[in-house]
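Note that the coordinates shown come from a computational prediction; the quantities given were computed from them, not determined experimentally. Protein chains get the first letters and strands the later ones, always in sequence-line order, with residue 1 at the start of each.
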Amino acid sequence: MKKHVMGIDFGSTTAKAVVLDMQGNIVAWSVAHMGAVSDAAVHQAVDDVLAQAGLEQKDIGRCVSTGYGRRMLDIADKNFTEITCHARGAVAMVPEARLVIDIGGQDSKTISVDANGLVAQFAMNDRCAAGTGKFLEVLARAMEIELDEMGDIAMGAKQELKISSMCATFAETEVISLRAEGNSKEDVLGAVHQAIATRTLGLVNRVGKKGPVVMTGGVARNKAAVHYIEKALGMPVILPKTPQIAGALGAALIGLDDYKAELAESGESLDEDHDVDAQMAFDKSCVSGCKGDPVAAAQTAPAATSKLKSMLGNLQKHF
Amino acid sequence: MLLESRVKEQGSILARLGEVCTDPLGYAREWKARTGGLVVGSFPMNFPSEMAHAAGALPLIIQEAEDPITAGHGLLFPFYCGYTRSTVDQAANGELDVLDAIMFGDHCVQLLGAADAVRMSLKNTRVIFFQLISSMCDPWTLGRAKESFEKLREELEDFLGRKVEDDALRESIRLFNRDRQAMRKLYEMRVAGQISLTATEMQYVVKSAMVMDRREHLELVEALVAGATENSPAPEKRAIRLHLSGHFCQAPKPELLDMIEGCGAVVVGDDLYHGFRYISTDVGENGDPMEALAHWYLDRNTGVPCPTRVQNDVDWDAFLLDAMRKENAEGMIVLMAKFCEPHMYYYPEVKEAFEKAGMPHLLIETEHESMALEHIRTRVESFLELVKRRRGAAPVVTSAAQGEVA
Ligand code: SF4
């Protein structure tokens with residue numbers, strides 16, 4: 001029996017991978033930015049997460065993919081949509097959540113969920129990038145600022161301006177003319193985030209406004225987006241620590257269910273197995289990475305080193 | 001016949017029906033050249049084609065074309081439904097010239113606008129307009145329906161220069177009934193898992209009936225039924241059983257239907273006009289044929305209720321839930337043509353009833369030109385995942401699923 005499962009979220013601008021143990025604990029996660037759906041970047045996320053976990057692909061019992069490129073991945077055993085996976089991942093992160101707002105690179109969605117993390121209703125943006133990360137990206141470019149600083153600048157807005165168009169291209173024209181009229185960057189950006197919030201409120205109403213609300217996806221890391229959405233909803237929004245990996249986590253959890261069900265069907269006892277294996281690892285791990293087999297230890301040692309390296313790298317990125 | 005050759009024959013029949021559906025006006029041109037007869041076009045959904053058939057003409061229900069709207073833009077606003085815009089566009093581009101006459105019935109406001117625009121474009125085509133009572137349960141409904149059909153018959157006779165004889169009409173009614181029965185048999189077999197017909201193939205079967213010479217069509221459909229009775233491959237058991245609802249005047253695009261089934265669903269029933277709605281009801285074969293046609297007009301609305309008609313004692317939503325129980329369907333996808341007013345007005349009732357019944361459904365708005373298929377695929381897959389995961393889940397939530405677009 002293998003001891004880990006993996007979830008991969010092959011999104012439109014980033015790839016995320018999560019490895020779980022058989023109890024559903026996150027062993028490692030990784031986010032790779034790629035600009036557009038790219039094979040190389042998704043493999044980067046997968047390699048990174050495996051290195052962090054000190055594992056190889058063959059150690060993964062089940063691999064489930066989600067996101068735009070979910071069908072493009074050979075290593076995935078199954079794929080599920082972003083809706084299903086984000087709901088599952090968000091409820092795993094915030095068990096009390098009943099409404100998930102996910103704003104990613106190219107789509108925004110609202111999902112009402114039950115206590116099992118199962119989707120009750122969902123709504124998605126339709127056919128254009130209105131109210132998504134892409135919308136922010138285009139407008140950041142128009143304002144000549146970095147995407148990452150957008151939220152902070154927008155928090156300094158003093159005056160309420162209005163952007164009426166939700167089409168990224170038309171909104172770009174509006175933003176340029178608001179700037180030309182002498183409005184501050186802060187105020188214009190405040191209006192941009194207000195526009196996203198209004199759009200989100202519309203999506204929320206389609207599935208029914210109810211709390212607690214959790215927000216996932218890359219845009220959840222944008223302070224101003226969260227602030228304006230909270231204001232529009234009249235409700236607090238809970239932010240998980242790592243909102244961008246909700247989809248990958250949900251995919252991994254679905255993979256875990258699937259793998260456990262298969263093992264149960266084939267008659268393997270998960271708990272006993274786990275206890276025996278854990279005891280063996282405890283008894284024999286005099287060498288790092290050794291599982292009682294010296295040959296295997298030699299092979300897994302470099303993986304352990306690279307795990308350390310990658311953890312250090314992550315820490316550096318963080319600070 | 002050996003299984004292999006039977007499957008081959010089935011395939012070639014479906015391919016033939018598909019060909020007709022892809023180019024209905026091409027079929028009409030070819031039929032005209034072959035027979036020298038007249039082609040009488042009509043708008044969906046209430047024209048009794050039996051009448052034109054009895055007069056020796058080819059009745060053809062005008063279909064939405066694949067092409068993007070060009071000339072039609074100058075005649076109809078973009079907020080008309082895809083069917084009306086496409087019909088007007090085909091008229092403006094001269095493609096409807098193959099029709100010798102067109103019969104318009106009014107079943108919605110947009111159709112009325114389209115009728116005027118077509119009339120303006122086709123100066124040499126005889127345009128016959130008939131009005132049908134939309135209130136279905138008044139004491140005078142039957143009489144008014146009969147009057148409308150009588151007037152239509154007179155206009156048709158005037159145009160064709162010959163009588164529509166009662167006996168000929170009865171003969172046509174019998175032929176059409178037999179064809180409808182054969183198609184309904186395919187529906188029954190599909191529900192029972194005795195035949196594996198995709199949603200697109202079923203559409204080909206029904207849509208081609210709106211275009212082809214009926215006898216030719218009947219022969220092909222009866223051969224399909226006969227060929228499928230034994231050893232027909234059953235559909236995938238694990239697939240989600242779906243009911244498709246909506247889409248009145250135009251056929252849903254085959255690529256959309258294929259995509260839906262490609263996501264792991266099998267369509268087991270529908271109430272589409274290019275589906276069960278069209279074939280649900282037969283016309284009485286005895287007595288006065290005009291009286292029988294008027295009854296048929298009324299009966300169709302209890303057979304499969306239509307949101308363009310008003311009938312207090314008939315509920316579309318109750319009909320849908322009941323049909324789904326009979327089909328053992330696990331979820332419903334509503335296909336709503338953008339700007340189709342009757343559908344938009346009625347949909348909230350369906351939504352409410354489905355939510356109350358805990359029956360999952362997904363609304364997809366379709367468009368003539370730009371449908372973001374990939375985007376819709378994500379919603380369809382999510383919907384199917386939801387239905388599938390709920391199969392085995394504890395019943396915590398009673399609300400229905402609905403993946404609306406924003
Ligand atoms: S019923 Fe709907 S689809 Fe048919 S013509 Fe009217 S608006 Fe168009």
Worksheet entry | Within 6.0 angstrom of Glu96(A) CD, more than 12 heavy atoms from elsewhere | yes

Worksheet item: Heavy-atom count around Glu352(B) CD within 6.0 Å, excluding the residue itself: above 12?
Response: no

Worksheet entry | Inter-chain contacts: residues 78-92 of chain A against chain B, heavy atoms under 4.5 Å | Asn79(A), Phe80(A), Thr81(A), Glu82(A), Ile83(A), Thr84(A), Arg88(A)

Worksheet item: Contact part of Asn205(A) toward chain B, heavy-atom cut-off under 4.5 Å: side chain, backbone, both or neither?
Response: neither

Worksheet item: Does any N or O in the side chain of Ser65(A) come within less than 3.5 Å of the main-chain N or O of Arg70(A), such that one atom is a donor and the other an acceptor?
Response: yes

Worksheet item: Without hydrogens or angle criteria, can the side chains of His247(B) and Asp270(B) be said to hold a donor-acceptor pair below 3.5 Å?
Response: no

Discussion item. Taking Glu374(B) first and then Arg377(B), would you say they form a salt bridge - that is, a charged N and a carboxylate O separated by under 4.0 Å?
Written reply: yes

Worksheet entry | For Pro243(A), all residues meeting side chain to side chain contact (heavy atoms under 4.5 Å, CB included), sequence neighbours excluded | Ala220(A), Arg221(A), Pro240(A)

